[in-house]
Novice: 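One structure is given below, represented as structure tokens, and several questions about it will come after.
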Amino acid sequence: MARAQVGMELDFKSRFDEIDRVDGYFRRAPEGIWCFELDSPLDTSLSLEEQCRRLYETARLTHCNDTMARLYGFHTAGELKGLLLKEIISPTNRLNILGIEEFIRSGYKTHDAESEEIDKRGKSRFFLSTALGVVENGFLLRAWGVQRDVTSIRAAESRLKRTIALESLLTKLSRNFLSVEPGNTNEAVNYSLQELGKFCGADRAFVFLYTHAGLTISNTNEWCAPDVEPRMHLLQNLPIETFPKTDYDTIRNKGHLIYESLENIPDTHVTLRNLLERRGTRSLLVVGLSSGEEEFGFVGFDSVKNKKLWTEEDIYILRLVGDLIVLAFDRKKREADLNDFYERMNHDLELARLTQRSLVSREFPSSPFYKIDSYFRPFEKVGGDIITYIQHETGVIDILFGDVSGHGISSAMVSGMAVLSFRHHARTGLSPAEGIQQFVRDLKPMVVEHHIAAVWARFFPLEKKMVYSYAGHPPIVLFRGEERLELKGMNLPLLIFDSIEYFNESIKLEKGDRLVFYSDGMYEVFNSEGRILDLPGFQDILAQHKELNSLEEYLDQVVSDVFEFSEGVFGDDMAMLVLDITG
């Protein structure tokens, strides 16, 4: 074991020395390259905890490139060299501790271990590291490794997960309010306060309504987190002057009011300060409840255990649910208020559509060796079809073409997660089949009601070769001269079954070849007589126009013929991608 690791170290070191000799490449390397030396050899028979402690205390960075330095906010490697491991990786972060422990347990080697670290500007960064330790005679001497920054990917994943959770929450609350009987309005409001409070991390969520013709105000609904004492029974029929007029004006003009600390309450607002102290409030957010010119009261959040900085998202969520509460309290005006709510939801759908368009590639690189063009039309404002690519520095292109089951926002969210996963793993050099396997690992924990039919293709322009892997997607069609071929290699869709193995297929291409990718929405269309176009009929349309040199004209003509057959009616997202070999 020690001899093998020494041999691997020599290989690492020879590569490092080679990089030093080719100084220009070393400086431009896209990954951080590093070596940590221990101040004194580490006895590998020590306990796991003691080895972790000594690694943090005595491992010192002795070699690294400028890329490594830039990952931590420095300019050159010289600024980073000489630092101890504990000065670079926080020894109190659980993710980092788990990574060090896994390094030791795995025989002093890891592959793509994730760590969370702080750069010199104090910003949290996420890295994937591959490391190899050098062990001689039972002592760890040093470790070599490479490291890449995945902070932006993790941030995008986090935003996407929260967006999906928020969309699901708002949909659930909307349906609950719209289906509730007038006599159960209070129950629906309480349920909404509970779900909102949990989602936004509040300690208390509440509704205050104006009573007695606006002369008093009462706490009508309340949800409290565990260990937070209810206060609603103490806050009934309070004089309207309990809250200062300036606060009412702020809610009326801005739509919301925030007190991030009781210290922010002016000395003139003694009654309000006393009220909040009795409630145990440390920070407060309220949003007004109104319909047209009529004001009903307000809905809000309390933070009791700690001071809290309320975000724009908290305000946005509270406003949306506040509108639903108004609808529930004033059912006679529900029709008009629902139109306002749906208008906002449509605005959000439009934003989602624009976001998805950024994930569906319509512009492709220009090259003397090939031409690429695509077509995409969602069934609803947003859809689940996927067309995206990554072009590597070598000119090689990875293409992901897929179709998420279902329609609407949830399908679009899943397609967004798939695109993020693809863009990450394509850059790491995984083969198409390996990348598809990784989709399952990335998406399975988060996606429950959808599956994905996809094909991942890697195109080598200079070699005129394509390597691809199917996952339940319709066969790619190849036109070569007068021949029409379906590329082999079908397999099952993603996220339906566990432990499915996917395989790479390859094909040698020739000048003049045309490859056509398409979703099932292109051929699962019906005419007025109920007859389906089906796959053979669609492939006949593809063949009829294969002589058109302009890809834009070819796509327009194919789509036109499909719509002519269906008389302009379609029932699914429609997508195509065409690749011509030109040189």
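Computed from a predicted model, the values in this text were never measured in an experiment.
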Novice: Please check if atom CD in Glu463 has more than 12 non-hydrogen atoms from other residues, nucleotides or ligands closer than 6.0 Å.
Specialist: yes
Novice: What's the separation between atom CZ in Phe199 and atom CG in Leu170, rounded to the nearest 0.5 Å?
Specialist: 7.5 Å
Novice: Are side-chain heavy atoms of Met576 and Leu542 found at a separation under 4.5 Å?
Specialist: yes
Novice: Whether the side chain of Thr62 engages the backbone of Cys35 through a donor-acceptor N/O pair (distance < 3.5 Å, no angle test) should be reported.
Specialist: yes
Novice: Heavy atoms only: give me the nearest Ala418-Leu400 pair and the separation to one decimal.
Specialist: O-CD2, 4.2 Å
Novice: What heavy-atom pair brings Thr76 and Ala69 nearest, and what distance separates the two atoms?
Specialist: O-CB, 3.2 Å
Novice: Got more than 12 heavy atoms from elsewhere within 6.0 Å of CD, Glu102?
Specialist: yes
Novice: Is any side-chain heavy atom of Phe517 closer than 4.5 Å to one of Ile387?
Specialist: no
Novice: Can you tell me how the ring of Phe401 sits relative to the ring of His473, calling it parallel under 30°, perpendicular over 60° and tilted otherwise?
Specialist: perpendicular
Novice: Taking the basic N atoms (NZ, or NE/NH1/NH2) and the acidic carboxylate oxygens, is any pair closer than 4.0 Å for Lys546 and Asp580?
Specialist: no
Novice: Quick check on Lys488: does its NZ atom have over 12 non-hydrogen neighbours (other residues, nucleotides or ligands) under 6.0 Å away?
Specialist: no
Novice: Does the pair Phe36 and Leu55 meet the rule for a side chain to side chain contact (heavy atoms under 4.5 Å, CB included), with working shown?
Specialist: CA-CA 10 Å; Phe36 279 94; Leu55 278 172; over 6 Å; no
Novice: Does anything in residues 551-563 form a side chain to side chain donor-acceptor pair (under 3.5 Å)? List the pairs, not counting sequence neighbours.
Specialist: His545-Asp561, Gln557-Asp561
Novice: Between the side chain of Thr67 and the main-chain N/O of Pro30, is any donor-acceptor distance below 3.5 Å?
Specialist: no
Novice: Do Val578 and Tyr375 come close enough that some side-chain heavy atom pair is under 4.5 Å?
Specialist: no
Novice: Would you say Phe565 and Arg531 make side-chain contact, with heavy atoms under 4.5 Å?
Specialist: yes
Novice: Looking at CG of Leu515 and CG of Leu509, how far apart are the two atoms once the value is rounded to the nearest 0.5 Å?
Specialist: 5.5 Å
Novice: Let me confirm one number: the CE-CG distance from Met522 to Asp573, rounded to the nearest 0.5 Å.
Specialist: 11.5 Å
Novice: Kindly write out the residues that satisfy salt bridge (Lys or Arg N to Asp or Glu O under 4.0 Å) with Asp373, not counting sequence neighbours, or none if the list is empty.
Specialist: none
Novice: Grab the two heavy atoms, one from Ala453 and one from Gly472, that are nearest each other, plus how far apart they are.
Specialist: CB-O, 3.4 Å
Novice: For Phe563, what residues pass the ring-ring contact (aromatic ring centres under 6.0 Å, His included) criterion, not counting sequence neighbours?
Specialist: Phe570
Novice: Got more than 12 heavy atoms from elsewhere within 6.0 Å of CZ, Arg175?
Specialist: no
Novice: May I ask you to decide if Gly583's main-chain N or O and Lys464's side chain share a donor-acceptor pair within less than 3.5 Å?
Specialist: yes
Novice: Please round to the nearest 0.5 Å and tell me the distance separating atom CG of Leu579 and atom CZ of Phe459.
Specialist: 5.0 Å
Novice: Between Tyr370 and Ile397, is any pair of side-chain heavy atoms under 4.5 Å apart?
Specialist: yes
Novice: Please assess Trp34 against Trp144 for the test side chain to side chain contact (heavy atoms under 4.5 Å, CB included), listing each intermediate value before the final yes or no.
Specialist: CA-CA 6 Å; Trp34 52 261; Trp144 296 84; 5.6 Å; no
Novice: If we only count heavy atoms from C-beta on, is the Met466 to Leu478 side-chain gap below 4.5 Å?
Specialist: no
Novice: Do Arg427 and Asp398 meet the salt-bridge criterion of a basic N to acidic O distance under 4.0 Å?
Specialist: no
Novice: Would you confirm whether Asp513, through its side chain, and Ile581, through its main-chain N or O, come within 3.5 Å as a donor-acceptor pair?
Specialist: no
Novice: Taking only residues two or more places apart in sequence or in another chain, which ones pass side-chain contact (heavy atoms from CB on, under 4.5 Å) with Ala113?
Specialist: Thr110
Novice: Gln51 versus Tyr108: any side-chain heavy-atom pair under 4.5 Å?
Specialist: yes
Novice: Measuring from atom CD of Gln539 to atom CG of Leu533, what distance do you get when rounded to the nearest 0.5 angstrom?
Specialist: 10.5 Å
Novice: Using every non-hydrogen atom in the two residues, find where Val569 and Ser566 come nearest and quote the distance to one decimal.
Specialist: O-OG, 2.8 Å
Novice: Yes or no on side chain to side chain contact (heavy atoms under 4.5 Å, CB included) for Ile164 and Met417, after CA distance, side-chain angles and deciding distance?
Specialist: CA-CA 10 Å; Ile164 292 172; Met417 288 190 287; 3.7 Å; yes
Novice: Side chains of Cys52 and Glu101: does their closest heavy-atom pair fall under 4.5 Å?
Specialist: yes
Novice: Does Tyr470 reach the main-chain N or O of Tyr502 with its side chain, forming a donor-acceptor pair under 3.5 Å?
Specialist: no
Novice: Short question: side chain of Asp534, backbone of Pro536 - any donor-acceptor pair under 3.5 Å?
Specialist: no
Novice: Once side-chain contact (heavy atoms from CB on, under 4.5 Å) is applied, do any residues pair with Val440, and if so which ones, sequence neighbours excluded?
Specialist: Lys444, Leu494
Novice: Which heavy atom of Gln147 sits nearest to which heavy atom of Ser129, and what is that distance?
Specialist: OE1-OG, 3.2 Å
Novice: When you look at Asp540 and Arg484, which way does the salt bridge (charged side-chain N to carboxylate O under 4.0 Å, His left out) test go after all the steps?
Specialist: CA-CA 10 Å; Asp540 287 341; Arg484 180 175 79 194; 3.1 Å; yes
Novice: Is it the case that the side chain of Gln437 and the backbone of Ile500 share a donor-acceptor pair, with hydrogens and angles ignored and the cut-off at 3.5 Å?
Specialist: yes
Novice: As an exercise, state the distance from OG1 of Thr428 to CZ of Arg423, rounded to the nearest 0.5 Å.
Specialist: 15.0 Å
Novice: How about Ser431 and Asn504: does a side-chain donor come under 3.5 Å of a side-chain acceptor?
Specialist: yes
Novice: Provide the closest heavy-atom pair for Ser367 versus Thr582 in the form atom of the first, atom of the second, distance.
Specialist: O-OG1, 4.3 Å
Novice: Mind running side chain to side chain contact (heavy atoms under 4.5 Å, CB included) on Leu535 and Tyr518 for me, showing each step along the way?
Specialist: CA-CA 10 Å; Leu535 185 56; Tyr518 49 90; 3.5 Å; yes
Novice: Can you list the residues that meet the side-chain contact (heavy atoms from CB on, under 4.5 Å) rule with Asp442, with sequence neighbours excluded?
Specialist: Ser421, His425, Gln438
